[in-house]
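Values reported hereafter were calculated over all heavy atoms of this structure, with side chains retained and with hydrogens, waters and symmetry mates removed. No experiment lies behind these values; they were computed from the predicted model shown. Numbers for residues simply follow the sequence, beginning at 1. Every number for a ligand or one of its atoms is a count from 1 in the order of the listing.
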Amino acid sequence: MNEPAEAEQYELSLYDHEFSVAYRHRVYFTRNAFDPGNPWLRDILVGPEHADAGRLLVTLDQGVAGSYPSLEERITTYFSEGAATPRLVCPPVVLPGGEQAKSGWSQVSTVHELIHRHRICRHSHVLAIGGGAHLDVVGFAAATAHRGVGHVRMPSTVLAQADSGVGVKNGINAFGQKNFVGSFAPPLAVLNDFALLTALPPTQKRGGLAEAVKIALIRDRDFFETIATQADALAAFEPTALEALIVRCARLHVQHIVSCGDPFERGSARPLDFGHWAAHKLECLSGYRLGHGDAVAIGIALDTLYSARAGLLAPADAGRVVGLLERLGFPLWTPELELAETDGRLSVLNGLNDFREHLGGRLTVTLLRDLGHGIDVHEMNPEWIREALGDLAGRSGSKKQAETP
Ligand SMILES: NC(=O)c1ccc[n+]([C@@H]2O[C@H](COP(=O)([O-])OP(=O)(O)OC[C@H]3O[C@@H](n4cnc5c(N)ncnc54)[C@H](O)[C@@H]3O)[C@@H](O)[C@H]2O)c1
Ligand SMILES: [Zn+2]
């Protein structure tokens, strides 16, 4: 008698079902969200599908609270008026903002504890108001308490309104890596309030411009030309130009998330992260002295110059990109670009390994094949990176040239 085939030796019962869950992603733009007459927040929180949503925990980035001293009181008043209003479980909770807030578990535990103490359930909500870091840490805490309580984001920086706050990701840093711990958790809604940007320090306003240049370069040449035309107004943070940039940038991001077919990044590409492999590493190497937007500007400049070195992009176009970043006010050199490991390799190159590990599978980096058109590549030539760093060092007037990687 013949031996049964290997698979036939084992009994198997398989119940194989496919199911899908529909998400809705709503991004609002408004001004003065907490004016008593502004209905949007109340409408978001008490929609027909959330008729029993009664409890609301509000967290407030300390930077925002410090810039707008009457905001806490205005929030409390806003949610105390009208019958169909969610009930604040306590006054807005002010938490330290910035990268330090997401550098470890401490603030996640604080928010979990608040959710527990105030009995925020899966039909209640957490409203986070702050910069990208605050939204990342509070969003992660909300996504993990009770396996996910509803949350609404109110981004308060240009970068967060244009980019980080309008997406579906959250996270905290761990083991020296950005966003090592985190999840994909689409918020109930994102509400961008332009009035929150008035007191933002110039360096924080600038950060968002880098993400706009990034998405314009990989997706939308016309947007790149608009940014170039308006560079002086944008460098001066002229509100009309800035708000138009935020709306266009946010729409491109959201469009990508909802229509790319991979909103939870299961594939091995992260096309929106052009320039980010170096940026994330530089942020870590600087101990987060370097802000995300400033680091992204350097990462974009590096990968653009690399694209030209690799023969993908015309050198004149690469020059335009770097020139635009300079006109927007970005310093395009930082001492962390010169740090080396004990074997002499440039430390920033470890960002490529982090990127590969974070995605799983093989490395995929987006480069430029034209202004407005990204292209995925699966390896980067260390010699060309060194040359691109040399170009950058030369342009930025640095006397120091990059070491051999
Ligand atoms: N989740 C994502 O998809 C995603 C995408 C891109 C970036 N990010 C993350 O976003 C973070 C960067 O966010 P950011 O650029 O918004 O900076 P940030 O959150 O680090 O805030 C910078 C500083 O500005 C202060 N601040 C915030 N709003 C203010 C206001 N209106 N007025 C005065 N001060 C204010 C904060 O307190 C902080 O000190 C990074 O951690 C980055 O990794 C996340
Ligand atoms: Zn970014």
Exam field: side chain Glu338 to backbone Leu346, donor-acceptor pair closer than 3.5 Å: no
Lys102 N/O to ligand 1 N/O under 3.5 Å: yes
Close N or O approach (Lys169, ligand 1; < 3.5 Å): yes
Under-4.0 Å heavy-atom contact with ligand 1, by part of Lys178 that carries it: side chain
Parallel, tilted or perpendicular: rings of Phe34 and Phe79 (30°, 60°): perpendicular
Pick from Ser164, Pro155, Gly98: the one approaching atom 7 (C) of ligand 1 most closely through a non-hydrogen atom: Ser164
Ligand 1 to Asp61 polar contact by distance, N or O atoms, under 3.5 Å: yes
Proximal atoms of ligand 1 relative to Thr157 (non-hydrogen, under 4.0 Å): 14 (P), 16 (O), 27 (C), 28 (N)
Donor on one side chain, acceptor on other, His276 and Lys281, under 3.5 Å: no
Glu99-ligand 1 polar pair, N/O distance under 3.5 Å: yes
Gly97, any N or O under 3.5 Å of ligand 1 N or O: no
Close approach of Gln204 to ligand 1, heavy atoms, under 4.0 angstrom: yes
Side chain Asp193, main chain Ala195, donor-acceptor under 3.5 Å: yes
Main-chain N/O of Val190 paired with Arg26 side-chain donor or acceptor, under 3.5 Å: no
With the Zn ion (ligand 2) as the apex, the NE2/NE2 angle for His292 and His276 - to 10°: 100°
Enclosure of Phe264 CZ (heavy-atom neighbours >12, cutoff 6.0 Å): yes
Heteroatom proximity flag, Gly132 to ligand 1, N/O under 3.5 Å: yes
Donor on one side chain, acceptor on other, Glu238 and Thr240, under 3.5 Å: yes
Note: Glu243-Arg31 ion pair, threshold 4.0 Å (strictly below): yes
For atom 11 (C) of ligand 1, closest protein heavy-atom neighbour: Ala133 N, 3.6 Å
Structural part of Ser67 in contact with ligand 1, heavy atom criterion under 4.0 angstrom: side chain
Check: His134 N/O within less than 3.5 Å of ligand 1 N/O: no
Contact (N/O only, under 3.5 Å) between Pro201 and ligand 1: no
For Asp163, atoms of ligand 1 separated by under 4.0 Å from a heavy atom: 5 (C), 6 (C)
Residue selection (non-hydrogen contact nearest atom 1 (N) of ligand 1) among Asp193, Ile172, Val168, Asp136: Asp136
Structural part of Leu135 in contact with ligand 1, heavy atom criterion under 4.0 angstrom: neither
Heavy atom of the protein closest to atom 30 (C) of ligand 1 (residue, atom name, distance): Leu200 CD1, 3.3 Å
Cation-pi check, Arg42 onto Tyr78 ring (under 6.0 Å, within 45° of axis): yes
Distance-only side-chain donor-acceptor flag, Thr203 / Asp294, under 3.5 Å: no
Geometric class of the Trp40/Tyr28 ring pair [parallel <30°, tilted 30-60°, perpendicular >60°]: tilted
Proximal ligand 1 atoms for Leu159, defined as those under 4.0 Å from one of its heavy atoms: 13 (O), 15 (O)
Charged N-O contact under 4.0 Å between Asp220 and Arg248: yes
Shortest-distance N/O/S atom, Glu211 versus the Zn ion (ligand 2): OE2
